[in-house]
Number of protein chains: 2
Amino acid sequence: MQLDERKTKILQAIIRNYLETGEPVGSRTISKYTDLNLSSATIRNEMADLEEMGYILQPHTSAGRIPSDKGYRLYVDTMMEDREREVIEMKEMLVERQDKMETLLKQVAKVLAQNTQYATMISAPQTHHNKVKFIQLSRVDANQILAVIVVEGNVIKNNILSVAQELSDETLLKLNILLNTHLNGLSMEEINLGMIAAMKQQAGIHSDIVGEVIDAVAEAIKADEDLEIYTSGTNNIFRYPELADQQKASELINTFEEKQQLTGLVQEALADESSETGIQVYIGNETPVQSMKDCSVVTATYELGEGMKGTIGIIGPKRMDYDKVIHTLRTLQTQLDELYNTDKK
Amino acid sequence: MQLDERKTKILQAIIRNYLETGEPVGSRTISKYTDLNLSSATIRNEMADLEEMGYILQPHTSAGRIPSDKGYRLYVDTMMEDREREVIEMKEMLVERQDKMETLLKQVAKVLAQNTQYATMISAPQTHHNKVKFIQLSRVDANQILAVIVVEGNVIKNNILSVAQELSDETLLKLNILLNTHLNGLSMEEINLGMIAAMKQQAGIHSDIVGEVIDAVAEAIKADEDLEIYTSGTNNIFRYPELADQQKASELINTFEEKQQLTGLVQEALADESSETGIQVYIGNETPVQSMKDCSVVTATYELGEGMKGTIGIIGPKRMDYDKVIHTLRTLQTQLDELYNTDKK
DNA sequence: GTTAGCACTCGAGTTCAAGGAGTGCTAACA
DNA sequence: TGTTAGCACTCCTTGAACTCGAGTGCTAAC
């Protein structure tokens, strides 16, 4: 069987209607809804075909039809209109110039959740590919040393370490020079054992302290291997009856709380380069996170220059407003881009 | 009417039973449950009295009784046995030596939630009363300066600031000395405008840059005025049917997400010094957070030396296991204390 | 003061019928 | 040959009536 133009129009109408109401839609509704001027009987025939083809399904006999995952998929891939919508100017809300990355990301997640009425997540840009820009040890106390490491993208990590024996100003200066000459310009992965050994040797009598220091530096650098994820709008799921029952709500909320469960989403989004826009749509079982099998997930990757890539995700019911979500994410991508660039100036 | 011994025993039995089951408890149950050897009829008479006195109430005629807020209050204040319980050794789980305060607190919240099966929150110790210990400016780039501020308790704040004109090494050194001499040993509140003006003057031709720098420092210091709160176990509320309906669940989850709504709890807990143990119990409407009017909240303050005080909260149904929760919190208090002290070594 | 007994209340759960939305099929129509 | 009207059928939803049982309050007897 072929999906001719009329079938397409009917399917589109079914999906649109279902997106709005969340109720199964019957033939009579469609017959009035569209400009096809067909009777409900004809629509019924077509609907039977569409069901056979797997685009829609009936929750039970004598109920209307709802889109299947396959139907949504078709809709997202080919049937969405690129209708212009007023997207609330998120930038305005964002540019209160949050210096801290963390606050910015939290803010983005929140604004996005308010905007879309879905649950949102955003992963902090991964930085362990970034190069070390600057290292400094300073003495805070007689036996406490503060290590500050700045990497590209102005991400700052720091660590306080206790040393058994007091270091002189001179030693500290030497160590600073040693660390900077060896490590500057290297990415975190490039720092290896051989290099550390070499540095220890050069440090001479202070080699044990260097060891301590380097360990601390390495630790500070590695600290955020497990990526930070911020979420917002979790309780928006209660807006959609199909997700709001105890079982599902509990699972979803758990997923949002145990954020590492969301890493799968981030990996997937970053890995899949198929779409040039960096926007992906996962419908139902397509999503890599088990607890979201009754949801749809839209992810977008963003980039804050210098290769700092992160992922934004919107999680809602299958009948989410794909047009709006995708459009919003696009806008957000460009706005984050602009924000980063004006930031540079 | 007087609350004699028998009435007390019966009330206690009602509460105990209700804590376990969550169901209204009837006279027959009590008559068998206790060692009083009274018939259900007698119990009924006593229950009528207890109801009149306001300790218990009936959801509807012909249902059993449930404790009122007043009943719970009496129970918590006077009737709890200090029965020894096995509290799972949280310390073991904590002492994986989390250097970062943040990770430690998140861990505490999580372990506590797993332990008690309630929702938990923990506020980061407030540091703006603490004294500045160390300030350092370093040049990262031609026109980027890194400001690092360490305050008592080894809390580190940092900020990258852009300067229009490049600063020489010498200027930087001067500025560092200037900042340290003026600000060291002061708490954040003690830094005022007059002092800043004086510093600007001393900086001479660099006064504008000093302004910038000090603004940045002030900003970095003030950054965490709004206190950090970490939560865990939100979805535990679904374990208790009386909290799990859509309306309440949604509100509660929202409160946990919009963490600033929890600040009320923290303020209250820190303010109220009535109990020497630092443990407070809020039942139903007693809680300062509106959305928790159907819950009970137990808070404990903890102290990590050097005046860094924070708050731990456990939020559950009114029929929470007060004994266990309070006991667990006590243990946690001492363990955090020990952890801090071994940390110092 | 305690208890047995009994009538009564009220919610939870079940059954049943009515109502309605929606379907599939058939036959007639253009 | 495609479209449509019509009709019987299915199945969910709603609400009323009913039963059941837990629990109560009250009274009278012990």
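Lettering of chains follows the sequences in order, A, B, ..., and the numbering in each one begins at 1.
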Tyr322(A) to Ser296(A) - nearest heavy-atom pair and separation: OH-OG, 2.8 Å
Tell me if a side-chain donor or acceptor on Thr120(A) pairs with a main-chain N or O of Ile314(A) at a distance below 3.5 Å. no
Whole-Å distance between dC12(D) P and Ile66(A) CD1? 14 Å
Check: Glu258(A) and Lys110(B) side chains under 4.5 Å, non-hydrogen atoms: yes
For Arg319(B), is there any backbone N or O sitting under 3.5 Å from a side-chain donor or acceptor partner on Tyr240(B)? no
Is Thr116(A) reaching over with its side chain to a backbone N or O of Val325(A), donor-acceptor style, under 3.5 angstrom? no
Under the salt bridge (charged side-chain N to carboxylate O under 4.0 Å, His left out) test, which residues partner Glu46(B), sequence neighbours left out? Arg6(B), Lys7(B)
Each base of DNA chain D marked ( ) or [ ] if paired in-strand (Watson-Crick or G-U under 3.5 Å), | if paired to another strand and . if unpaired gives ||||||||||||||||||||||||||||||
Whether the side chain of Gln333(B) engages the backbone of Thr301(B) through a donor-acceptor N/O pair (distance < 3.5 Å, no angle test) should be reported. yes
Readout for nucleotides 20-30 of chain C: B = base within 4.0 Å of protein heavy atom, S = sugar-phosphate only, - = neither; 5' to 3' it is -BSBBB-----
Please report, rounded to the nearest Å, how far the P atom of dT3(C) is from the NZ atom of Lys32(B). 16 Å
Calculate the interatomic distance between Arg6(B) atom CZ and dT3(C) atom C1'; express it in whole Å. 12 Å
Provide, to the nearest angstrom, the distance between the NE2 atom belonging to His60(A) and the C1' atom belonging to dT10(D). 10 Å
Could you say whether Asn37(B) or Pro59(B) is positioned toward the 5' end of DNA chain C, judged by the nucleotide with the nearest heavy atom to each? Asn37(B)
Which atom of Ile229(A) lies closest to which atom of Lys259(A), heavy atoms considered: O-CD, 2.8 Å
